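See below for the structure under consideration.
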2 protein chains.
Amino acid sequence: MKRNEHHFLKPETVENTARIFKALADPSRIKILYLLSQETCSVNHIAEMLGMTQSAVSHQLSLLRNLKLVKYNRDGNTYYYTYNDDHVITILNQVIEHVACE
Amino acid sequence: MKRNEHHFLKPETVENTARIFKALADPSRIKILYLLSQETCSVNHIAEMLGMTQSAVSHQLSLLRNLKLVKYNRDGNTYYYTYNDDHVITILNQVIEHVACE
DNA sequence: ACTATATATGAACATATGTTCATATATAGA
DNA sequence: TCTATATATGAACATATGTTCATATATAGT
């Protein structure tokens with residue numbers, strides 16, 4: 001095939017695609033999102049469940065928040081986080097199943 | 001939910017999942033895989049199409065090869081690379097569509 | 001107002017990652 | 001055997017990334 005016979009992705013599309021995969025490319029974030037796929041959780045609850053420090057969890061939630069992959073509802077001092085992108089959760093589960101059955 | 005009411009992923013599953021997403025978390029590799037999803041390509045062809053050096057392409061193919069996401073057939077001096085994991089290609093296309101329609 | 005609690009955030013640090021450059025390897029052709 | 005071609009690979013480098021530590025912010029209870 002020659003150059004103009006290929007379909008090329010727009011640079012913007014490539015960057016945005018990489019951004020999504022980068023968000024999922026870390027064990028801590030995978031565990032956080034998998035947990036949130038089962039239940040809305042406070043920051044401390046996530047930290048306890050996953051054996052992470054509060055700070056580490058908060059930094060990762062900040063990243064996921066910026067990508068709009070999670071959102072939160074505040075109740076007093078407590079922030080309850082929820083996933084915010086069904087499609088990304090679906091893709092996460094697909095890959096988990098993909099690697100689990102091999 | 002309490003600890004034992006959650007489903008937890010095995011550490012191995014988390015690691016393998018992260019490995020797949022890491023492979024897809026780079027613009028160069030996204031472009032390479034997207035190109036290979038359309039056509040079997042030699043290393044030089046990939047480099048020319050994507051405006052990358054031969055060395056950079058080769059390093060990335062080496063990484064994708066180790067993860068068994070691509071394979072190659074050799075013909076003399078030329079290595080023809082093909083994708084080797086339909087499921088991963090499907091997931092790549094899903095995310096591309098996901099980010100394209102927003 | 002004071003204290004405790006929950007979370008966010010910035011700086012610093014170590015590690016991982018992607019590219020480049022130089023070079024090695026291997027095959028084909030003369 | 002000499003040369004050209006195609007690819008792989010190691011070292012070096014700059015940048016990105018994830019955690020920790022210290023601290024800031026904000027709310028609730030007394």
Side-chain angles (χ1 to χ4, degrees), chain A residues 11 14-36 39-84, chain B residues 11 14-36 39-84:
Chain A
V14 175
E15 283 304 324
N16 290 336
T17 302
R19 233 184 295 279
I20 297 293
F21 283 127
K22 274 183 192 172
L24 297 168
D26 173 72
S28 295
R29 289 192 295 273
I30 289 173
K31 287 187 277 185
I32 290 172
L33 284 174
Y34 188 71
L35 187 56
L36 293 182
E39 183 194 25
T40 292
C41 296
S42 71
V43 178
N44 270 342
H45 187 68
I46 297 172
E48 283 166 25
M49 286 296 134
L50 302 184
M52 294 174 65
T53 66
Q54 175 267 320
S55 181
V57 172
S58 188
H59 277 297
Q60 297 297 5
L61 287 172
S62 158
L63 188 153
L64 295 171
R65 227 167 41 215
N66 289 336
L67 291 169
K68 304 207 191 306
L69 301 187
V70 302
K71 63 185 175 186
Y72 65 86
N73 283 302
R74 184 174 187 164
D75 179 17
N77 270 339
T78 307
Y79 291 55
Y80 291 103
Y81 276 85
T82 318
Y83 66 87
N84 192 35
Chain B
V14 175
E15 284 304 324
N16 289 337
T17 302
R19 234 185 295 279
I20 297 294
F21 283 126
K22 273 183 193 173
L24 297 167
D26 174 73
S28 295
R29 289 192 294 273
I30 289 172
K31 287 187 276 186
I32 290 172
L33 284 174
Y34 188 71
L35 186 56
L36 293 182
E39 183 195 26
T40 291
C41 296
S42 71
V43 178
N44 270 341
H45 186 67
I46 298 172
E48 283 166 24
M49 287 296 134
L50 302 183
M52 295 173 65
T53 66
Q54 175 268 319
S55 181
V57 172
S58 188
H59 276 296
Q60 298 296 5
L61 288 173
S62 158
L63 188 153
L64 295 172
R65 227 167 41 215
N66 290 335
L67 291 169
K68 303 204 190 308
L69 301 187
V70 302
K71 63 184 174 187
Y72 65 88
N73 283 300
R74 186 174 186 163
D75 180 16
N77 270 339
T78 307
Y79 292 55
Y80 291 103
Y81 276 84
T82 318
Y83 67 88
N84 192 35

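Lettering follows sequence order; numbering is per chain, from 1. Keep in mind the model is a prediction, meaning the values are calculated, not measured.
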Report task. Classify the side chain of B:Thr53 versus the base of C:dC21 as yes if they form a donor-acceptor pair under 3.5 Å and no if they do not. Result ->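 No, the side chain and the base share no sub-3.5 Å donor-acceptor pair.
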Query raised in the report: Between the side-chain atoms of A:Gln54 and the base atoms of C:dA8, is any donor-acceptor pair under 3.5 Å?
Result: yes
Requested in this report: Starting from P on D:dA16, measure out to CD on A:Glu15 and report it in whole angstrom.
Outcome: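 Roughly 12 Å, once rounded to whole Å.
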Query raised in the report: Rounded to the nearest Å, what distance is computed from the CZ atom of residue B:Phe21 to the P atom of nucleotide D:dG18?
Result: 14 Å
Query raised in the report: So which nucleotide from C:dT20, C:dT19, C:dG10 ends up closest to the side chain of A:Ser55?
Result: C:dG10
Mind checking the [atom1]-[atom2] spacing from [X] to [Y]? Nearest 0.5 Å is all I need.
| X | Y | atom1 | atom2 | value |
| --- | --- | --- | --- | --- |
| B:His45 | B:Leu50 | NE2 | CG | 9.0 Å |
| B:Cys41 | B:Tyr80 | SG | OH | 10.0 Å |
| A:Leu63 | A:Ser58 | CG | OG | 11.5 Å |
| A:Ser42 | A:Met49 | OG | CE | 9.0 Å |

Query raised in the report: Which of these, B:Asn84, B:Thr82, B:Leu69, B:Val70, sits in a side-chain contact (heavy atoms from CB on, under 4.5 Å) with B:Leu36?
Result: B:Val70
Report task. Tell me which residues in residues 23-32 of chain B put a heavy atom below 4.0 Å from DNA chain D, sorted by number, or none. Result -> none
Report summary line: Here the residues of residues 60-78 of chain B within 4.0 Å heavy-atom distance, strictly under, of DNA chain D are B:Arg65, B:Asn77, B:Thr78
Query raised in the report: Taking OP1 and OP2 of D:dT5, is either one under 4.0 Å from a side-chain nitrogen or oxygen of B:Tyr79?
Result: no
Report task. Look at the side-chain N and O atoms of A:Tyr80 and state whether any lies under 4.0 Å from the OP1 or OP2 oxygen of C:dT7. Result ->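 Looking at the OP1 and OP2 atoms of C:dT7, neither is under 4.0 Å from any side-chain N or O of A:Tyr80.
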Query raised in the report: Going by atom types only, do A:Tyr81 and A:Arg65 share a side-chain donor-acceptor pair under 3.5 Å?
Result: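 Short answer, yes.
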Query raised in the report: Is any side-chain heavy atom of B:Leu61 less than 4.5 Å from a side-chain heavy atom of B:Ile46?
Result: yes
Query raised in the report: Would a 4.5 Å heavy-atom cut-off, applied to side chains only, mark A:His59 and A:Ser55 as touching?
Result: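 Answer yes - side chains close enough.
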**Report entry** Under the side-chain contact (heavy atoms from CB on, under 4.5 Å) test, residues paired with A:Ala47 that sit two or more places apart
**Finding:**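 With sequence neighbours excluded, A:Ala47 shows a side-chain contact (heavy atoms from CB on, under 4.5 Å) to A:Val57, given in chain and number order.
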Query raised in the report: Does A:His59 lie flat on the base of D:dT19, that is, centres under 5.5 Å apart and planes under 30° off?
Result: no
Contacts under 3.5 angstrom, residues 21-32 of chain B side chains, donor-acceptor by atom type, not counting sequence neighbours:
| from | atom 1 | to | atom 2 | distance (Å) |
| --- | --- | --- | --- | --- |
| B:Asp26 | OD2 | B:Ser28 | N | 3.1 |
| B:Asp26 | OD2 | B:Arg29 | N | 3.2 |
| B:Arg29 | NE | B:Ala23 | O | 2.8 |
| B:Arg29 | NH1 | B:Gln60 | OE1 | 2.8 |
| B:Arg29 | NH2 | B:Lys22 | O | 3.0 |

Report summary line: Where DNA chain C forms runs of at least three Watson-Crick or G-U pairs (i with j, i+1 with j-1, under 3.5 Å), the stems are C:1-30 with D:1-30
Query - Heavy-atom pair with the smallest gap, counting every atom of A:Lys71 and A:Tyr83 - result: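 Looking at all heavy atoms of both residues, the closest pair is CE-O, 4.3 Å.
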Query raised in the report: Using a heavy-atom distance cut-off of less than 4.0 Å, which residues of residues 39-51 of chain B contact DNA chain C?
Result: none
